[in-house]
Amino acid sequence: MSYHFDNQGKRSQFKVDKTGSSNLEVNDEFYGKAQAIDPQLKRQRIPILSATYSHIGNQGSRKNVDVDRLPRLSRNDVLVLNLGRHCVGHFNCQLITTGSHPDAPAGLNVRFCEMEKELSASKDYEGWLPKGWIQEDAVRILNFPWKKEFERVACRYIKISIIDTSQKYQLVLKNPEFISESSAGELNVNNEFCTNDSQLKQIDELSLATLHSCMQTVFEDGPKRDRRLWIGDFRIQALTDEVTFENFDIIKRCLYLFASTANRRTGSLCADIFSDGVEQPDDLEMGDYTLLFVDVLANYFGETKDKETLMGLYETAKRAVQYGLNQIDPSGIPNSDLVQTVFLDWLADANVSKEAATLGIIIFALNRLIYLAEIVEDPQIPELRQIQTKLTSLARDLYFDQQKGLFVSGKNSQINWPSQIWLVRANVFTKKQNQQLLRRALDKLPMTFFVSPYLYGELCLTLCENDLVDLAVRLIKAYWGKMIAAGAQTSWEVFSIQDAEYSPYGVNSTLVHSYCHGWGCVPAYIFRKYLKPDGK
């Protein structure tokens, strides 16, 4: 079964194309290589930083309580534990009773929250994501003392609400502890970012905390939801890991996992892989994600010079790029079948034309393939360069509007951000021309277009690659800085500067939002790659 992806803002959904066929057959050799790399999870005990107590029905606000002497709890009491920072792992606790012998079971709800606003968020969620993603457990206790280790969660706050006890006894929480897990180890890096700019330092800390929480047995997109390995997030996470935690084994592992999913007929790759328990490929394909696999491999080789892995995965990358090349008509326009499977980002406007950006991604991927082809001495380099020259020329002729000085897309010559970003990254013009175009785009195009760190981060990367680092830093401060002002400690999956409550998932979707999402860690990479040691 193959899918077309429709990311139309609040009406986002997956659409099934029942005429397609995934032809999915896992490559056992590559899958075996991935499984041979054991990403050891480092565990750390996180102390409870603080706790508050409240009683439903009282008008007063929560009051602070001593973590070492927690209050007795009964019906409608609420205890909130604060870990002090975002963590991924397991919460362990024990409940004992005080007073008379329990003459009835106790009932409680335990909610795990990444953000403080989730503590009071309504469960009346009306969206298209399953409610099962809400991190809340209902517990019924018949026998005391009671001990429990909860399944893995992502949180900063733990809310324990007592639904009921009898009047003859009360509950006391004993030995609460949180054991964090990450394959990155402790939250420190080998390459510190030194700056006197306090805001940049905050953004860097947010980026590192995001990546740290997402580094599990694979690079998860979000450790709360949906805990999968996606090529789009992986590409950004791997870039950042390479200059921070330097855990190259997990990058290699994820490369082999994706390579094991290659479609035997078309060369396309699964967009994502389920990572809970045994890794399983999804039956979802995204055209841009397949094409961007080659960039992850190229970046990995650039940092490690691991030629054995490159040689093993080169043909997979080449076929993935060929998958895109095969879907360009003689005039240079990507066909609609490919364009419809391209994600780009959450797009609040349902009418964004993806055509020009799709060609830009194809050329970008081809450029990265040629870089690798030279290293492996592929005899088809002349042919690849010929295609590169032809497509670059066609891209300029088809999509560059001389009068407006910007790229256009589709039958209506729409001007949008994805077209500018990806055709600039494709280097269809010189760096000087790219600089002029990017400055013009920043002057003419609304920044309200961006509703997630993913494409916004691609814009910042594009600026840096074209020596406009000062503009990229300004944008980073404007976006991630405002996210921090809204309470973020880790980068959110979606965020609009104009509407901090924006969601592509539907009404009352706070509890299913991912407030720690891998594609938002890119500032930590940019700071180390492009800024001087003083952060300027």
Side-chain angles (χ1 to χ4, degrees), residues 27 29-40 183-185 189-191 207-208 211-212 214-221 229-262 267 269-273 275 279 281 288-321 361 364-378 425 457-458 461 464-465 518-519 521-522 524-526 528-530:
N27 182 311
E29 178 188 354
F30 288 162
Y31 186 77
K33 286 181 179 291
Q35 296 302 334
I37 301 171
D38 184 14
Q40 291 289 328
S183 58
V189 296
N190 299 325
N191 182 14
S207 303
L208 294 176
L211 181 59
H212 182 273
C214 291
M215 286 178 69
Q216 299 298 318
T217 58
V218 296
F219 287 101
E220 294 182 353
D221 61 330
L229 169 64
W230 291 83
I231 293 179
D233 300 79
F234 169 41
R235 178 169 156 267
I236 302 301
Q237 292 166 306
L239 266 182
T240 307
D241 174 47
E242 286 163 358
V243 298
T244 55
F245 298 108
E246 298 179 350
N247 188 335
F248 295 103
D249 280 349
I250 192 173
I251 300 174
K252 182 178 176 179
R253 181 171 194 263
C254 294
L255 282 167
Y256 273 114
L257 282 172
F258 277 119
S260 74
T261 74
L269 305 174
C270 289
D272 66 292
I273 294 173
S275 62
E279 288 80 13
D288 48 343
Y289 279 23
T290 286
L291 288 160
L292 292 172
F293 174 83
V294 66
D295 186 52
V296 189
L297 181 59
N299 292 330
Y300 170 80
F301 176 80
E303 289 293 329
T304 64
K305 305 303 183 239
D306 179 359
K307 196 165 185 180
E308 180 182 355
T309 299
L310 171 59
M311 296 299 291
L313 296 179
Y314 176 75
E315 286 301 322
T316 300
K318 186 175 181 180
R319 291 192 69 227
V321 175
I361 293 170
F364 172 81
L366 178 60
N367 295 345
R368 301 300 278 154
L369 179 66
I370 291 172
Y371 160 72
L372 295 178
E374 292 173 340
I375 296 165
V376 304
E377 299 179 346
D378 187 334
R425 296 204 77 185
E458 294 292 348
L461 286 170
C464 290
E465 290 169 354
W519 64 27
C521 70
V522 70
Y525 169 77
I526 289 174
R528 287 160 179 79
K529 181 74 173 180
Y530 294 104

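For the numbers below, each heavy atom of this structure counts, side chains included, while hydrogens, waters and symmetry mates do not. Small disclaimer: the values here were computed from a predicted structure and weren't measured.
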Pair Trp519, Asp233: side-chain N/O donor-acceptor within cut-off below 3.5 Å: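 There is no such pair between these side chains.
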Would you say the side chains of Tyr289 and Asp272 form a donor-acceptor pair under 3.5 Å?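 The answer is no; no qualifying pair exists.
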Roughly how far apart are [X] [atom1] and [Y] [atom2], rounded to 0.5 Å?
| X | Y | atom1 | atom2 | value |
| --- | --- | --- | --- | --- |
| Phe258 | Trp230 | CZ | CH2 | 9.0 Å |
| Phe245 | Thr240 | CZ | OG1 | 10.0 Å |
| Leu211 | Asn247 | CG | CG | 9.5 Å |
| Cys521 | His212 | SG | NE2 | 13.0 Å |
| Leu297 | Tyr314 | CG | OH | 10.0 Å |
| Lys33 | Ser260 | NZ | OG | 12.5 Å |

State, with a plain yes or no, whether a side-chain heavy atom of [X] is found less than 4.5 Å away from one of [Y].
| X | Y | value |
| --- | --- | --- |
| Gln40 | Asp38 | yes |
| Phe30 | Thr261 | no |
| Thr217 | Ile250 | no |
| Phe293 | Leu255 | yes |
| Cys464 | Lys529 | no |
| Ser275 | Glu220 | yes |
| Leu229 | Asp221 | no |
| Val296 | Phe234 | yes |

Go through the structure and list residues passing side-chain hydrogen bond (donor to acceptor under 3.5 Å, both in side chains) with Gln35, not counting sequence neighbours.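 side-chain hydrogen bond (donor to acceptor under 3.5 Å, both in side chains) list for Gln35, sorted by chain: Tyr31, Arg253, Glu279.
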For a side chain to side chain contact (heavy atoms under 4.5 Å, CB included) check, start with the C-alpha distance between Leu461 and Arg425, then their side-chain angles and the critical distance, and finish with the verdict. CA-CA 9 Å; Leu461 286 170; Arg425 296 204 77 185; 4.2 Å; yes
Taking the six-membered ring of Tyr256 as reference, does the NZ or CZ atom of Lys252 fall below 6.0 Å from its centre and within a 45° cone about the axis?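 The answer is no, since Lys252 fails at least one limit relative to Tyr256.
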Got a sec, which pairs hit salt bridge (charged side-chain N to carboxylate O under 4.0 Å, His left out) with one end in residues 238-249, sequence neighbours left out?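 Pairs touching residues 238-249 that pass the test: none.
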Could you note down all residue pairs passing salt bridge (charged side-chain N to carboxylate O under 4.0 Å, His left out) where residues 288-304 supplies at least one of them, sequence neighbours left out?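 As it turns out, the salt bridge (charged side-chain N to carboxylate O under 4.0 Å, His left out) pairs with a partner in residues 288-304, which skip direct neighbours, are Arg235-Asp295, Asp295-Arg368.
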Is it the case that the side chain of Ser183 and the backbone of Pro39 share a donor-acceptor pair, with hydrogens and angles ignored and the cut-off at 3.5 Å?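 Pair absent, no side-chain N/O of Ser183 close to backbone of Pro39.
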Strictly distance-based, threshold 3.5 Å: is any side-chain N or O of Arg528 a donor or acceptor partner for the main-chain N or O of Thr244?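 Checking the backbone N and O of Thr244 against the side chain of Arg528, no donor-acceptor pair under 3.5 Å is found.
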Ile251 and Asn299: CA distance, side-chain angles, deciding distance, side chain to side chain contact (heavy atoms under 4.5 Å, CB included) verdict: CA-CA 10 Å; Ile251 300 174; Asn299 292 330; over 6 Å; no
To check you understand the geometry: which heavy-atom pair defines the closest contact between Val294 and Ala365, and what is its length?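 Between these two residues, the closest heavy atoms are CG1-O, 3.6 Å.
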Residue pair Ile526, Val522: steps toward the side chain to side chain contact (heavy atoms under 4.5 Å, CB included) verdict: CA-CA 6 Å; Ile526 289 174; Val522 70; 4.2 Å; yes
Using the side chain to side chain contact (heavy atoms under 4.5 Å, CB included) rule, take Glu458 and Ile236 through it: C-alpha gap first, then chi angles, then the decisive distance, then the call. CA-CA 9 Å; Glu458 294 292 348; Ile236 302 301; 3.8 Å; yes
